[in-house]
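Right, one structure below, let's go through it.
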Amino acid sequence: QVQVVESGGGLVQAGGSLELSCVASGYGTYTMAWFRQAAGKEREFVAGISWDGGTENYAGSVKGRFTISRDNGKNAVSLQMNRLEHEDTTVYYCAEQVYNGGAMSEPRSMDYWGKGTLVTVSS
């Protein structure tokens, strides 16, 4: 079983920045993405990046504020979050697509998930 581990969550003031990191075990490089989910809400796509870093996708709510990048040597991805808003507060999850196909923006297309890291943005 592939293990996906996120880190970097915390408390930040509105307008501030935070960087999340995600590392997946195993060999090779695969499409990876970030999602977030608030209590009582469906899991929401945030940002994704293809196996070679050639394709990046962002949700409209974070486009221009968040940047996803990857380090293929470590099979790791980062999410740089700038100009954070109170509405960004929730648990963020990292996911990896190894066997399934489909759009990286769809949770159902992801094969392995991390346990999440909490981001709290004060008003």
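Basis for what follows: all heavy atoms, side chains included, without hydrogens, waters or symmetry-related copies.
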Within one Ile-Leu-Val-Met-Phe-Trp-Tyr cluster: Leu20 and Met32, side-chain cutoff 4.5 Å: yes

Student check: side-chain heavy atoms of Tyr92 and Val46 closer than 4.5 Å: yes

Rounded distance [0.5 Å steps], CG in Asp71 versus SG in Cys22: 12.0 Å

Val98 backbone acceptor or donor facing Asp111 side chain under 3.5 Å: yes

Verify same cluster id: Phe45, Met110 (apolar side-chain graph, 4.5 Å): yes

Donor on one side chain, acceptor on other, Arg70 and Thr29, under 3.5 Å: yes

Side chains of Asn100 and Ser109, donor plus acceptor under 3.5 Å: no

Minimum side-chain heavy-atom gap Glu6-Val23 below 4.5 Å: no

Sub-4.5 Å side-chain heavy-atom contact between Ser61 and Glu44: yes

For Val4 against Ala24, the heavy-atom pair lying closest together: CG2-CB, 4.2 Å

Approximate separation, where rounding is to 0.5 Å, of Phe35 CZ and Glu42 CD: 12.5 Å

Spacing of Lys63 atom NZ and Glu56 atom CD [to the nearest 0.5 Å]: 10.5 Å

Beyond-backbone contact of Cys94 with Trp113, side-chain heavy atoms, under 4.5 angstrom: no

Donor-acceptor pair, side chain of Tyr58 and main chain of Ile68, under 3.5 angstrom: yes

Ser105 to Pro107 - nearest heavy-atom pair and separation: O-CD, 3.6 Å

Cation-pi geometry met for Arg36 and Tyr93 (6.0 Å, 45°): no

Parallel, tilted or perpendicular, as decided by the 30° and 60° cut-offs, for the rings of Tyr99 and Tyr112: perpendicular

Side-chain heavy-atom pair Gln97, Tyr30 within 4.5 angstrom cut-off: no

Derivation of the side chain to side chain contact (heavy atoms under 4.5 Å, CB included) call for Glu96 and Val77: CA-CA 10 Å; Glu96 182 180 44; Val77 296; over 6 Å; no

Single hit among Gln80, Met81, Arg65 for side chain to side chain contact (heavy atoms under 4.5 Å, CB included) with Ser17: Gln80

Residue pair Thr31 / Ser50: nearest heavy atoms and the distance that separates them: OG1-CA, 3.7 Å

Could you list the donor-acceptor pairs under 3.5 angstrom formed between side-chain atoms of residues 114-123 and any protein atom two or more places apart in sequence or on another chain?
| unit_1 | atom_1 | unit_2 | atom_2 | d |
| --- | --- | --- | --- | --- |
| Thr117 | OG1 | Gly9 | N | 3.1 |
| Ser123 | OG | His86 | ND1 | 3.4 |

Heavy-atom pair with the smallest gap, counting every atom of Gln37 and Lys41: NE2-O, 3.0 Å

Ring centre gap for Trp34 and Phe66 strictly below 6.0 Å: no

Close side-chain approach of Asn57 and Thr55, heavy atoms under 4.5 Å: yes

Flag side-chain contact, heavy atom, 4.5 Å: Leu79 against Thr67: no

Gln13 CD: over 12 foreign heavy atoms closer than 6.0 Å: no

